[in-house]
Each structure stands twice: as structure tokens, then as C-alpha cells.
2 protein chains.
Amino acid sequence: MAATDKALAGLRQMIASGELGPGAKFPPEPELCDHLGVSRSSLREAVRSLGALGVIESRHGSGTYVSALDPAAIIGRFSLSVELIPLEGVLELLEVRRVLEAHATAAAAARQDPELAARLGAVLDQLESTTDATEIQHLDAEFHGLICAAGGNPTVTALTDVIRGRGGHYRIFEPGADFDAIKQTSDRGHRAILAAITTRDPAAAATAASAHIAQTELWLRALRPDPQPALP
Amino acid sequence: MAATDKALAGLRQMIASGELGPGAKFPPEPELCDHLGVSRSSLREAVRSLGALGVIESRHGSGTYVSALDPAAIIGRFSLSVELIPLEGVLELLEVRRVLEAHATAAAAARQDPELAARLGAVLDQLESTTDATEIQHLDAEFHGLICAAGGNPTVTALTDVIRGRGGHYRIFEPGADFDAIKQTSDRGHRAILAAITTRDPAAAATAASAHIAQTELWLRALRPDPQPALP
DNA sequence: TGACCAGAAGTGGTCTGAGGACTTACGCTT
DNA sequence: AAGCGTAAGTCCTCAGACCACTTCTGGTCA
């Protein structure tokens with residue numbers, strides 16, 4: 001087995017065996033090298049690998065630690081790779097978002113939380129009064145994010161956040177001939193979702209969310225050929 | 001900005017800008033070091049990071065390449081981290097699987113594919129005639145995997161695969177007092193799913209799949225306190 | 001002419017050693 | 001008791017050397 005792979009397996013084993021739980025500190029690098037039988041270079045490459053996956057965190061001057069192993073945080077690491085996926089793959093991901101967000105929106109509607117409806121309404125008021133693409137994207141993310149969070153499953157929220165972030169690189173709301181029509185359709189979709197949440201109708205909420213995201217999928221398909229995504 | 005982060009950003013930018021598409025080859029390491037202004041160690045750590053995320057592949061003696069950037073393959077990389085998530089987080093993930101797999105199962109039922117039903121029936125025949133925990137797990141994965149694949153979205157299949165793989169580390173089917181009852185309930189759940197697919201009833205398929213996975217969630221909850229997962 | 005094989009060039013993989021940068025904790029001073 | 005400087009601990013970066021694997025090239029042999 002290659003040196004880096006050996007180190008990788010050793011580090012994972014230390015976590016999986018329960019020897020080191022969430023937040024625990026690893027021994028210093030020289031000690032780990034000795035324990036795993038690899039050089040410092042190989043060990044560090046293995047640590048970087050697990051760091052990229054959100055399993056390990058290295059803190060300069062302090063030490064190397066097991067992360068919280070929180071599913072939402074780990075899924076958040078997806079954004080580093082998902083942001084590089086071409087449009088073709090983004091459409092597959094959007095189907096995932098559509099299904100998950102319909103579920104979360106229904107769950108949010110089932111809860112009796114008048115404050116949520118009030119906050120969503122405030123966001124939509126802002127959203128409907130702006131034509132700035134960046135602000136639209138930001139407010140749209142806040143609207144959907146609030147709903148998903150109210151759905152009660154942070155993992156679902158993290159997944160939909162990552163996918164929404166990728167889709168956001170494609171600028172649907174560029175000034176152009178269709179801008180007004182697209183904006184109006186989008187605004188109506190948001191109001192339909194809010195109405196279902198306000199009236200506590202989970203089935204209607206799921207349908208409205210699903211339809212809204214399906215509409216986004218259609219707009220994205222129209223954007224082919226694949227434009228270049230903008231990295232943050 | 002730290003050296004490794006600088007290299008990481010540079011590599012991602014080369015992909016995001018379209019300079020290097022899926023499958024493209026990076027310049028040799030010394031050239032990249034010069035271009036990015038970092039040492040070879042730092043560059044290699046950055047390459048390992050993107051390698052762990054499934055964005056880059058290094059082939060010994062050949063070169064470093066951009067991966068296919070296929071969403072299913074990228075999601076598959078997450079098994080490395082998901083396998084380390086504690087039970088508490090696995091339950092959140094199972095809700096994701098339940099929702100996605102209900103969707104995929106409905107899609108599979110909507111398709112008119114007699115061959116799928118035949119293959120599923122064969123798998124269930126084997127599954128019902130064994131009591132070996134490892135074989136049960138394997139056949140269960142094949143059953144659900146075939147259905148998800150028939151659903152038509154490889155990304156959904158990859159996600160459910162990863163989550164199912166994590167859940168499989170918890171041995172529900174250990175020989176014990178409840179073994180027979182659990183096995184029978186599980187078998188009945190599978191038959192209900194197959195029946196819905198055979199009769200091409202998407203709604204029934206979604207319900208059956210959702211109920212089946214919800215049952216798994218209940219069994220897992222009963223397993224607390226968290227047992228140690230077994231790495232492959 | 002074709003297939004096969006050996007060598008050379010190109011490239012990533014690993015190790016070692018050194019010095020720098022940051023965090024943390026200790027002990028001193030006020 | 002609070003604040004601060006110092007020292008120890010730890011990770012970060014660089015440089016150079018050598019090894020292992022892949023790929024291509026050229027020659028040899030059937």
C-alpha cells in the first residue's frame with residue numbers, strides 16, 4: 001500500500017475505532033509519522049485529504065483535531081467540488097434539490113410558526129422591490145434557506161444550500177428581453193410557497209416548492225451552451 | 001494567503017475558468033509550482049485536497065488530470081467522510097435517503113420495464129432464503145440500487161448508495177431475539193415495493209419505499225448507544 | 001513488414017532536513 | 001488580581017535528492 005494511503009487509512013481508523021471522537025486532538029506530526037510508519041510529507045498529504053473532506057481540522061500552532069463530524073458541515077464541503085460541476089450535472093443535482101426542498105417546505109408548513117411567515121414575507125417584500133441580480137440571488141437564498149431550516153433537518157438544509165449555490169453561478173436574472181417575465185414568474189412562485197406555509201398546507205407547500213424549482217430547471221436548460229461559472 | 005490555499009485556489013480557477021475541462025491534463029508539477037508561486041510540497045497538498053474531493057486525479061508516472069467532474073462520482077467520494085459520521089448524524093442522513101429513494105422508486109414504477117421487476121424478484125428470492133447478515137446487506141443494497149438506477153438520476157443513486165453504505169455499518173441483522181421479526185418485516189417491505197413497481201403504481205411505490213426506510217430508521221434508533229462502525 | 005522488447009525520457013511518489021509562523025501556557029511584573 | 005512578555009509546542013513552507021511508474025522511441029527478430 002502506498003505511503004499516503006497507509007497514512008490515510010491509519011488516520012481514518014483512529015477515528016472510526018472510537019480512539020478519537022469529535023473534537024479530539026491528534027498526536028503531534030512527528031509522533032504520528034512514527035506511529036503510522038510514513039514520512040512527514042506523506043502524513044501531511046493524508047491530513048490534507050481528510051481536511052478537504054471536513055473530517056480533520058489543522059490549526060496552525062495548535063494541533064490537528066477531529067472535526068465535529070457534523071453531517072451538515074461535511075456536506076458543506078461539497079461546495080468545493082460541486083461548484084466545478086458542468087451544467088449537465090447541475091441539472092441532475094437540481095432534481096435532488098427539488099425533491100428535498102419540497103419535502104422540507106412541506107415540513108415547514110406543517111409547523112405552526114407565525115414568526116416564520118412574517119420573516120418570509122419581509123424577505124419577499126425586499127425581493128420584489130429590487131432588480132439587482134446579486135441582491136436577487138442573495139434574497140432568494142435567504143428565503144429558501146429559512147424555509148429549509150424550519151423543516152428541521154440541518155442535513156437537508158446543507159444539501160439544498162450547496163446545490164442552490166452552484167445554480168446561482170448561472171445568472172438567470174441578467175438584464176435582457178426576458179428579465180421582467182422571469183422575475184414576475186419567480187416572484188409569483190415565492191408567494192405561492194409563502195401562502196401554503198401561512199395556511200399550513202403541507203401538500204400545497206410541497207407542490208409549490210417543487211413547481212418553483214422545476215421552473216428554475218427549465219430556465220437553466222435554456223442557458224446552454226454551458227457558460228463559465230464564476231468562483232467566489 | 002497561505003501557500004497551500006493559494007495553490008488550491010489556482011488549481012480550482014484553472015478548472016472553473018474552462019482552461020482545463022474534464023479529463024484535461026495539468027502541466028508537470030515543477031511547471032505548476034512556478035506558475036502558482038509555491039513549493040512542490042504545498043502544490044502536492046493542494047492536489048491531494050482536490051483529489052480527495054474527486055475533482056483531480058493523479059496517475060503515477062503519467063500526470064495529473066481533471067476528473068470527469070461527474071456528479072455521481074463526486075458524491076461517491078463522500079463515502080470517505082460519511083462513513084465516519086456518528087449515529088446521531090446518520091439518522092439525519094436517513095431522512096434524506098428516505099425522501100430521495102421514495103422519489104426514485106416512484107420514478108422506477110412509472111417506467112414500463114418488465115425486466116426490472118423480474119430482476120428484483122430474483123434478488124428478493126435470494127434475500128428471503130438467507131439469514132447471513134453480510135449477504136442480507138449485500139442483496140438489500142442490490143435491490144435498492146437497481147430501483148434507484150431505474151429511477152433515471154445517477155446523482156440520486158449515488159447519494160442513496162453513500163447513505164445506505166453508512167447505515168450498513170450498523171448491524172441490524174445480528175442473530176438475536178428479534179432477528180426473525182425484523183427479517184420478516186424487512187422482507188414484507190421489499191415485497192410491497194416490488195408489488196407497486198410491478199403494478200406500475202408510482203404513488204404506492206413512493207409510500208412503500210418511504211415506509212420501508214422509516215422502519216430502518218426506527219431500528220437504528222433502537223441501537224443507541226452508538227456502536228463502533230466497521231471500516232471496510 | 002509486423003510484432004515485440006529494451007532502453008530512455010517524462011512524471012508523480014516518498015523521504016530527509018531545515019527554518020519560519022502561529023498558538024498556547026507559564027511565570028513574572030505591576 | 002490583572003496584564004504582559006517569554007518560552008515551549010505545533011503546524012507551515014521550502015529545498016533537494018532519490019525512487020517508482022508510465023509512456024514513447026528505436027531497434028531487433030520472426
Side-chain angles (χ1 to χ4, degrees), chain A residues 1-15 19-69 73 77 80-81, chain B residues 1-15 19-69 73 77 80-81:
Chain A
M1 184 188 284
T4 302
D5 291 339
K6 188 163 62 171
L8 201 61
L11 292 173
R12 291 188 74 224
Q13 186 57 40
M14 291 173 78
I15 301 174
E19 180 182 343
L20 294 176
K25 182 176 179 177
F26 281 94
E29 288 180 348
E31 198 172 321
L32 270 179
C33 292
D34 193 52
H35 175 53
L36 298 171
V38 300
S39 74
R40 222 163 74 81
S41 325
S42 301
L43 171 69
R44 284 186 56 78
E45 291 188 14
V47 168
R48 284 282 182 187
S49 289
L50 290 177
L53 292 168
V55 172
I56 278 183
E57 291 171 18
S58 277
R59 298 177 208 158
H60 191 179
S62 173
T64 304
Y65 303 81
V66 181
S67 78
L69 293 180
R77 287 323 207 93
L80 289 173
S81 45
Chain B
M1 182 186 281
T4 302
D5 291 339
K6 187 163 63 172
L8 200 60
L11 292 173
R12 291 188 74 222
Q13 186 56 40
M14 290 172 77
I15 301 174
E19 180 183 344
L20 295 175
K25 183 177 180 177
F26 281 94
E29 288 182 348
E31 197 171 322
L32 270 178
C33 293
D34 193 52
H35 175 52
L36 298 171
V38 300
S39 74
R40 194 158 162 242
S41 320
S42 300
L43 171 68
R44 284 186 56 77
E45 292 187 13
V47 168
R48 283 283 182 187
S49 290
L50 290 176
L53 292 168
V55 172
I56 277 183
E57 291 171 17
S58 278
R59 298 175 207 159
H60 191 179
S62 174
T64 304
Y65 303 82
V66 181
S67 78
L69 294 180
R77 283 325 215 94
L80 289 173
S81 46

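In what follows, chains carry the letters A, B, and so on, assigned in the order in which the sequence lines appear, proteins first and then strands, with residues in each chain numbered from 1.
- At D:dC11, none of the side-chain N or O atoms of A:Arg44 fall inside 4.0 Å of OP1 or OP2 (strictly under the cut-off).
- For the pair A:His60 NE2 and D:dT13 P, the computed distance is 7 Å after rounding to whole Å.
- Here the closest heavy-atom approach between residue A:Val38 and residue A:Ala3 is recorded as CG1-O, 3.5 Å.
- Heavy-atom nearest nucleotides on DNA chain C were determined for A:Ser62 and for B:Pro30, and the one closer to the 5' end corresponds to B:Pro30.
- For B:Arg59 and C:dG12, the CZ to P distance is 12 Å, given to the nearest whole Å.
- B:Arg40 comes within contact range of at least one nucleobase, with a heavy-atom separation under 4.0 Å.
- Of the candidate nucleotides D:dT13, C:dT14, C:dT11, C:dT14 has the atom lying nearest to any side-chain atom of A:Ser42.
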**Request:** Apply side chain to side chain donor-acceptor pair (under 3.5 Å) to B:Ser81 and A:Arg77, showing your working.
**Result:** CA-CA 10 Å; B:Ser81 46; A:Arg77 287 323 207 93; over 6 Å; no
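- Atoms NZ (A:Lys25) and C1' (D:dC11) sit 10 Å apart, rounded to a whole Å.
- Atoms NZ (A:Lys6) and P (C:dG13) sit 16 Å apart, rounded to a whole Å.
- As rounded to whole Å, 17 Å separates atom P of C:dC22 from atom OH of A:Tyr65.
- Between A:Leu36 atom CG and C:dT14 atom P there is a gap of 14 Å when expressed in whole angstrom units.
- In this structure, A:Glu45 places its CD atom 10 Å from C1' of C:dG12, rounding to the nearest Å.
- As rounded to whole Å, 17 Å separates atom P of D:dC11 from atom CG of B:Asp5.
- How far OG1 of A:Thr64 is from CG of A:Leu43: 8.0 Å, rounded to the nearest 0.5 Å.
- Under a 3.5 Å cut-off, the side chain of A:Ser67 and the backbone N or O of A:Gly54 do form a donor-acceptor pair.
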